[in-house]
There are 2 protein chains.
Amino acid sequence: MRIGQLAQRTGTSPRLLRYYEEQGLLVAERSGNGYRDYDERYVERVRQIRGLLESGLPTRVIKQILPCISQPGAIYVSDATPETIATLEQERDRMTERIQFLVRNRNAIAAYLDAVRSTRSEDIGSDSVGAAAE
Amino acid sequence: MRIGQLAQRTGTSPRLLRYYEEQGLLVAERSGNGYRDYDERYVERVRQIRGLLESGLPTRVIKQILPCISQPGAIYVSDATPETIATLEQERDRMTERIQFLVRNRNAIAAYLDAVRSTRSEDIGSDSVGAAAE
DNA sequence: TCAAACCCTTCCATTTATGTGAAGGTCAAG
DNA sequence: CTTGACCTTCACATAAATGGAAGGGTTTGA
């Protein structure tokens with residue numbers, strides 16, 4: 001598929017996909033006319049890039065971990081240098097920390113919202129106490 | 001405590017803490033001489049700011065959610081406008097998505113590392129198969 | 001007491017990372 | 001032969017953070 005369609009299917013823009021290629025994150029094949037040519041797997045790959053970026057990982061790191069987690073089977077296990085492995089272990093641990101941190105804070109927000117809900121319903125009376133729960 | 005000490009205890013710099021104050025993220029009390037005066041709770045607050053920023057949340061959002069999750073008891077429940085509540089609900093959900101995404105990818109990395117480990121040990125022989133497991 | 005270390009504000013410039021806009025040209029299909 | 005999608009390239013935008021200088025007050029400890 002061409003760049004426009006991939007952009008559409010991933011909710012991004014052609015511009016952004018070209019930018020990712022420039023950054024070495026998402027290098028496309030080329031068809032005869034010079035157009036970028038993406039196959040189906042690129043859809044998921046773009047989503048992963050977006051997600052990792054939104055989770056605060058820098059492109060430098062994404063570039064390293066993406067080839068390892070894009071392959072369904074661990075076919076490409078061989079091309080892992082010791083440095084890459086070290087990076088991966090480090091990032092795995094960083095992600096674990098980040099997850100714990102986010103869970104704690106998400107729960108704090110949720111708790112606050114619950115508290116607000118009870119306060120509100122106390123203020124108003126006794127109506128709709130459990131309404132609109134998650 | 002003064003700004004230098006807070007910086008030291010949070011692994012940041014005075015410069016950054018002043019910057020956060022400028023951004024409305026971390027407004028300090030002032031003692032008589034004009035020096036910023038931080039109490040113990042600011043340590044955790046700084047860590048929360050750092051963590052949320054590293055997790056990809058913009059300052060605009062952090063500014064809104066921080067007052068709600070900093071209070072141990074939900075004392076300050078009252079000063080929540082409907083818009084704030086909407087933001088909080090939205091961010092709670094976004095964080096949930098982010099958590100799920102991170103867990104999936106962290107697990108993918110972990111699985112890859114495990115695969116590498118088995119491959120390596122197959123290559124070498126039968127030694128140290130289950131060593132250094134998480 | 002006095003110097004070093006710390007603090008203050010303000011201003012301005014720069015860096016890094018992520019992303020967007022637009023100009024000028026090519027390709028393909030109706 | 002026009003329209004729309006694509007190409008490259010250069011410039012610009014935004015957010016977070018850093019650095020430094022000017023110019024001046026405060027604390028601390030030798």
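For clarity, every value in this text was computed on a predicted model and none was experimentally measured.
Look at B/Tyr20 and you won't find any side-chain N or O under 4.0 angstrom from OP1 or OP2 of D/dA16. Proximity of B/Asn33 to the phosphate of D/dG25: no side-chain N or O atom is located under 4.0 Å from OP1 or OP2. Contact check, B/Arg18 against C/dC8: a side-chain N or O comes under 4.0 Å of OP1 or OP2. For B/Thr59, a side-chain nitrogen or oxygen approaches OP1 or OP2 of D/dA16 to under 4.0 Å. Taking 4.0 angstrom as the limit, A/Arg15 places none of its side-chain polar atoms (N or O) nearer than this to OP1 or OP2 of D/dT9.
Side chain to side chain, A/Tyr112 and B/Arg92 fail the donor-acceptor criterion of an N or O pair below 3.5 Å.
B/Gln8 CD: 12 or fewer foreign heavy atoms inside a 6.0 Å radius. For B/Arg60, the CZ atom counts as loosely surrounded, since its 6.0 Å shell holds 12 or fewer non-hydrogen atoms of other residues, nucleotides or ligands. For CZ of A/Arg94, the number of neighbouring non-hydrogen atoms (other residues, nucleotides, ligands) closer than 6.0 Å is 12 at most.
Following rounding to the nearest Å, B/Tyr19 (OH) and C/dT10 (P) show an atom-to-atom distance of 17 Å. Rounded to whole angstrom, the span from the CZ atom of A/Arg30 across to the P atom of D/dC6 amounts to 12 Å. What separates CG of B/Leu53 from P of D/dA15 is a distance of 13 Å, to the nearest Å. To the nearest angstrom, P of C/dC7 lies 14 Å from CD of B/Glu21. In this structure, the CG atom of A/Leu16 is 14 Å from the C1' atom of C/dG21, given to the nearest Å. As a whole-Å value, the separation of B/Leu57 CG from D/dA16 P is 10 Å. A/Ile3 has its CD1 atom 19 Å from the P atom of D/dG4, to the nearest Å. Across the protein-nucleic acid pair, A/Asp37 atom CG and C/dA28 atom P stand 13 Å apart, rounded to whole Å.
Of the candidate nucleotides C/dC27, D/dA16, C/dT9, C/dC27 has the atom nearest to the side chain of A/Tyr35.
Side-chain contact check for B/Arg98 versus B/Leu57: some heavy-atom pair is nearer than 4.5 Å.
For the pair B/Arg2 and B/Glu22, nearest-nucleotide mapping onto DNA chain C gives the more 5' position to B/Arg2.
Using a 4.0 Å heavy-atom criterion, one finds that A/Pro14 contacts no nucleic acid atom at all. Here B/Arg60 lies out of heavy-atom contact (under 4.0 Å) with every strand. Within 4.0 Å (heavy atoms only), A/Arg50 reaches sugar-phosphate atoms of the nucleic acid but no base atom.
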